Amino acid sequence: MSRHDTITRGCWILVGLFPIGVALWLMILLVGQGIPSLSWSFLLDEPVHAGRAGGIAPMLVSTTALLGLALLTAAPLALPLAVWHRTVTDKRARNRHDALIDTLAAVPSICWGLAGYVLLVRGAGFGFSLLAGGLTLGAMILPTLVRLWSDALADLPDGQVEAGRALGLTPFQQALHIWLPASAGSLLIGMLAALARAAAETAALLFTSGYASRMPASVFDSGRALSVHILDLAMNVPGGDQAAAGSALVLLTAVLLFAALLRPKHHSTRKVSL
Amino acid sequence: MSGSTAGVVEIDSLSLWYGEQPAFRDLNLSLARGSVTVLVGPSGCGKSSLLRAITRLHEAIPETRAEGTVYLNGIDHRQFAAHELRRRVALIAQQPDPLPFSIRRNLEVVLRVRKEAKRTWPERIRDVLQRVRLWDEVHDRLDQPAEALSGGQQQRLCIARALLHRPEVLLLDEPTASLDPDATEHIEVLIRELAPRRAILLVTHDMAQARRLADQLAFCWPEKGCGRLIECGPAADILQTPQHAQTRAWLAQPDT
Amino acid sequence: MRRQSPLLVPAGLLLALVVALFDPHALPIAPALAGERWLPARSLFGIARFVSATFAVAGGALVLALPAALASALATHLWPRHGGVTLRRLTLVAGAIPSVVWGFWGLAALAPLLSRWHPPGQGLLAATIVLALMIWPTMALALDAALERIPDSRRLAALSLGMTLGQRLRLVVMPSLRHAATGAALLGLTRAMGETMAVLMVSGNVGDWPTGPFASIRTVTANLALEFAYAQGAHRDALLLSGLMLIVTTTLLFWWGRRLVTNQ
């Protein structure tokens with residue numbers, strides 16, 4: 001490589017590191033600001049003074065409940081779709097499916113929130129509740145989950161698919177006995193990544209699970225997700241910044257831990273360089 | 001150490017590895033101006049790899065390593081900037097590889113790379129297309145995609161593209177492998193025309209083509225997946241009295 | 001028909017969305033949305049300012065994010081010895097940062113920085129920067145995949161024509177990326193237009209026309225987030241209609257972008 005090329009290469013790499021650098025700046029800043037808030041009591045106590053003091057225990061419980069409900073909603077629908085996606089031979093049907101799934105994934109999350117409010121909070125009479133929020137969130141992450149799980153199953157060697165077929169198993173028997181055990185790891189990672197997306201969500205929850213910051217007693221109670229708590233502290237509670245930074249750090253840590261498990265799609269390593 | 005300057009290109013015990021797998025080993029070959037060297041051998045004997053190694057293209061392929069030296073006019077080819085070397089030693093790939101642009105733009109890209117004055121471009125393009133005898137076929141559709149041309153036309157366009165650099169050496173990697181007999185003849189005539197002022201190295205596994213074009217003939221043979229040069233010399237001598245058993249076997253084959 | 005039955009699930013969801021947001025009784029309000037003023041108490045439901053703010057902030061974010069995404073994708077590929085894999089993973093992780101966290105960062109770090117120039121620092125510019133930071137990873141990954149698809153034969157052709165790296169990028173790589181870049185831009189635009197929280201937190205929300213970098217703007221999504229909770233009657237219908245318009249617009253842009261990204 002000539003010196004000329006080395007300079008060009010170096011320049012592009014430097015410029016290309018800039019955006020990721022800003023993201024790292026955000027993380028470092030948040031760690032610096034949030035760490036003083038962190039303690040066991042912050043995680044285990046109820047909020048006091050609209051969240052200026054006390055902890056975030058109810059939000060952690062609500063968030064966990066929301067994620068659980070979302071998973072219970074989305075997983076039973078996503079798994080058959082992913083299995084179908086792996087087995088279907090009709091290319092047009094698969095493309096149509098991909099297009100639909102991608103379209104769903106592109107719907108702005110606040111629109112999911114509106115639909116959840118109209119159909120679940122009002123229509124089904126759930127009121128502002130974890131149930132309404134969880135179902136909405138489940139619908140929202142369904143396309144993500146289908147995509148991630150289809151990718152996980154796509155990594156299965158064709159030989160295994162053929163072998164299952166040769167044994168005369170139906171696609172779902174195959175899925176149950178052969179693929180799911182074989183790709184359990186990547187399915188789990190896909191699930192966690194989808195949950196990371198759900199945990200990051202705020203807009204869809206504003207009008208479905210609501211704002212109530214007390215400890216929810218059942219899924220029919222309103223519950224405030226951690227992300228909604230951050231929004232409220234930052235926007236509506238003067239002097240809430242410290243607690244907001246702590247909450248944001250907790251959320252970011254959880255989300256990034258889940259998301260970091262996800263491996264980028266495989267790229268070949270023996271390509272001619274650009 | 002300076003390598004004999006008898007040839008434009010002196011290949012001095014060159015070896016190339018892809019990872020742990022050697023592609024060819026200890027290869028010595030000299031290319032002289034005004035002469036066509038034809039390198040013959042079965043597939044898998046490292047012929048294409050040799051052409052890439054001469055122009056240091058292997059440096060762009062991960063996990064590839066070369067040993068030995070190639071001298072261009074007596075200068076180690078690693079002393080050139082890679083792009084400079086590749087302008088002086090042009091490589092024509094086996095599959096025609098026009099860029100996904102119009103015919104005109106495929107040529108203009110090179111003129112832009114060479115920073116030639118824009119007003120000279122139309123003339124340069126016409127000259128070079130006439131040189132490869134493509135002008136009459138394409139002069140009225142220069143703005144159509146190059147990929148719409150036939151295989152033989154694409155290959156001539158690729159040769160034209162390389163000629164814009166006025167290279168001293170032309171390396172051709174089975175340029176007619178994917179072409180029909182008419183197109184093949186076109187290319188062969190062109191090679192003979194280009195020969196007097198350049199050093200040309202042509203790789204082929206078509207013995208008939210080798211007989212038609214070669215001034216110097218070199219035979220390559222794979223041993224355990226690693227190519228070796230087993231015989232090399234003036235075409236007339238080798239065709240008359242091949243020394244090596246494998247060469248004799250290869251020559252005894254009926255032409256394809 | 002049975003082969004297609006799995007399509008019913010996503011299709012049903014999409015239908016549910018539209019049914020939820022589309023109320024035929026609300027249709028008479030639709031023309032009012034074209035107005036300039038949004039004063040629900042006086043039955044004025046014009047969202048022209050919100051729409052223009054949405055396009056301004058999303059367009060601005062795109063202008064910032066596209067070069068960033070391109071540079072990042074190129075760095076991923078130019079990094080010697082597959083070091084780019086790490087960068088690719090970091091990009092993936094950066095794309096997972098919750099929007100409310102970006103919003104908080106915008107409030108706590110970016111707005112104070114900008115307020116030295118023009119207090120309070122919130123407004124169009126702050127929202128644009130935050131959005132750009134949110135959308136570049138998606139675009140970078142799309143461009144990254146497009147770079148990966150440039151065939152070896154084309155790479156070798158460019159190399160053997162004696163091009164320097166700069167020339168290869170300018171004359172061969174960039175033209176190869178044209179469709180993918182347009183597509184990635186549209187995907188980013190879709191994402192930016194639909195984004196709510198981060199924009200809500202840093203844009204000021206007064207509802208000015210987006211005329212200057214510190215205009216206190218309100219996007220369509222922010223308007224929904226701020227008012228839907230207490231909206232009744234015609235006010236609610238107007239909000240739902242604006243939500244439906246948002247879905248239709250983003251979906252159309254998304255399809256266009258998706259076609260450009262997937263078809264070479």
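Below, read A as the first sequence line, B as the second, and so on, with proteins coming before strands; counting in each chain starts at 1. Model, not experiment: these values are computed from the prediction.
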So, the part of C:Arg168 with a heavy atom under 4.5 Å from chain A: the answer is side chain
Identify all side-chain donor-acceptor contacts of residues 156-166 of chain C below 3.5 Å with residues at least two apart in sequence or on another chain.
from     : atom 1 : to       : atom 2 : distance (Å)
C:Ser160 : OG     : C:Leu156 : O      : 2.6
C:Thr164 : OG1    : C:Gln167 : N      : 3.4
C:Thr164 : OG1    : C:Gln167 : OE1    : 3.3

When the 4.5 angstrom heavy-atom criterion is applied to C:Ala16 and chain A, the contacting part is both
Counting heavy-atom pairs under 4.5 Å with chain A, the top scorer among C:Thr190, C:Leu244, C:Leu90, C:Val18 is C:Leu90
So, the part of C:Leu187 with a heavy atom under 4.5 Å from chain A: the answer is neither
The interface call for C:Trp79 against chain A, heavy-atom contacts under 4.5 Å, is both
Turns out that what part of C:Leu74 lies under 4.5 Å from chain A's heavy atoms comes down to side chain
Looking only at heavy atoms, the pair that brings C:Leu246 and C:Met193 closest together is CD1-O, 3.9 Å
Without placing hydrogens or testing angles, list every side-chain donor-acceptor pair under 3.5 Å for residues 92-107 of chain C, not counting sequence neighbours.
from    : atom 1 : to       : atom 2 : distance (Å)
C:Ser99 : OG     : C:Glu195 : OE2    : 3.1

Against chain C, residues from residues 238-247 of chain A with at least one heavy atom under 4.5 Å, in numeric order, are A:Asp241, A:Ala244, A:Ala245
>> Measuring only between side-chain heavy atoms, which start at C-beta, is C:Arg88 closer than 4.5 Å to C:Leu141?
In response: yes
Do C:Pro10 and A:Leu81 have side chains that get closer than 4.5 Å, going by heavy atoms?
yes
Comparing A:Leu251, A:Ile230, A:Leu256 against chain C, the one with the most heavy-atom pairs below 4.5 Å turns out to be A:Leu256
Query raised in the report: Is C:His235 atom NE2 crowded by more than 12 heavy atoms from other residues, nucleotides or ligands, each under 6.0 Å away?
Result: yes
Note: vs chain C, highest number of non-hydrogen pairs under 4.5 angstrom among A:Leu24, A:Val118, A:Asp102 is A:Asp102
Honestly, the part of A:Ala139 sitting under 4.5 Å from a heavy atom of chain C is both
Honestly, the part of A:Leu261 sitting under 4.5 Å from a heavy atom of chain C is backbone
Minimal heavy-atom distance between A:Ala194 and A:Leu148, with the atoms involved, is N-CD1, 3.8 Å
Heavy-atom nearest pair, C:Leu224 first then C:Leu239, reads CD2-O, 3.3 Å
Under 4.5 Å to a heavy atom of chain C? For A:Pro80 that would be neither
Whether A:Arg197 side chain and A:Ile141 backbone form a donor-acceptor pair below 3.5 Å | no
If only atom types and distance count, is the side chain of C:Asn205 paired as donor or acceptor with the main-chain N or O of C:Leu200 below 3.5 Å? yes
Under 4.5 Å to a heavy atom of chain C? For A:Glu201 that would be neither
Whatever's closer than 4.5 Å to a heavy atom in chain C on A:Leu30 counts as side chain
Counting distance only, does the side-chain N/O of A:Ser222 pair as donor-acceptor with the main-chain N or O of A:Ser209 below 3.5 Å?
yes
Turns out that what part of C:Leu14 lies under 4.5 Å from chain A's heavy atoms comes down to both
Worksheet item: Given side chains that start at C-beta, do those of A:Arg147 and A:Ile101 come closer than 4.5 Å, heavy atoms only?
Response: yes
Comparing A:Ala23, A:Ala248, A:Cys111, A:Ala193 against chain C, the one with the most heavy-atom pairs below 4.5 Å turns out to be A:Cys111
When the 4.5 angstrom heavy-atom criterion is applied to C:Met197 and chain A, the contacting part is side chain
Applying a strict 4.5 Å limit to non-hydrogen atoms, the region of A:Leu26 in contact with chain C is both
Nearest heavy-atom contact between A:Phe126 and A:Ala132 is CB-CB, 4.2 Å
If one checks every heavy atom of A:Ser273 against chain C at 4.5 Å, the contacting part turns out to be backbone
Closest non-hydrogen contact found for C:Ala73 with C:Asp144 is CB-N, 3.7 Å
The interface call for A:Asn236 against chain C, heavy-atom contacts under 4.5 Å, is neither
Okay, C:Arg236 and chain A: the region with an atom under 4.5 Å from a heavy atom over there is side chain
Honestly, the part of A:Leu29 sitting under 4.5 Å from a heavy atom of chain C is side chain
Among A:Val255, A:Leu206, A:Leu119, A:Leu114, the residue with the most heavy-atom pairs under 4.5 Å to chain C is A:Leu114
Under 4.5 Å to a heavy atom of chain C? For A:Leu262 that would be both
Validation row: C:Arg154, C:Val172 side chains within 4.5 angstrom (heavy atoms):
yes
Report yes or no: does C:Thr196 contribute a side-chain atom to a donor-acceptor pair with the main-chain N or O of A:Ala203 at less than 3.5 Å?
-> no
Whatever's closer than 4.5 Å to a heavy atom in chain C on A:Leu142 counts as side chain
- Query: Relative to each other, are the rings of A:Tyr117 and C:Phe228 parallel, tilted or perpendicular (30° and 60° limits)?
  - Reply: perpendicular
So C:Val220 and C:Met245, do their side chains get closer than 4.5 Å, heavy atoms only?
no
message = Taking A:Leu226's backbone N and O only, do any of them form a donor-acceptor pair with A:Thr63's side chain (distance below 3.5 Å, no angle check)?
response = yes
Okay, A:Ala99 and chain C: the region with an atom under 4.5 Å from a heavy atom over there is both
Closest heavy-atom pair, C:Leu240 versus C:Ala20, reported as atoms and distance to 0.1 Å, is CD1-O, 4.5 Å
Among residues 11-18 of chain A, residues within the sub-4.5 Å heavy-atom range of chain C, in order of number, are A:Trp12, A:Ile13, A:Val15, A:Gly16, A:Leu17
Whatever's closer than 4.5 Å to a heavy atom in chain C on A:Phe128 counts as neither
Side chains of C:Trp255 and C:Thr251: closer than 4.5 Å at any heavy-atom pair? yes
(Q) Given 3.5 Å as the limit, does a donor-acceptor pair link the side chain of C:Arg191 with the main chain of C:Ile135, or not? (A) no
Under 4.5 Å to a heavy atom of chain C? For A:Leu77 that would be side chain
message = Do C:Trp136 and A:Ile20 have side chains that approach each other closer than 4.5 Å (heavy atoms only, starting at C-beta)?
response = yes
Answer key: most heavy-atom pairs under 4.5 Å with chain A among C:Ala71, C:Ala140, C:Ala68, C:Gly243 is C:Ala71
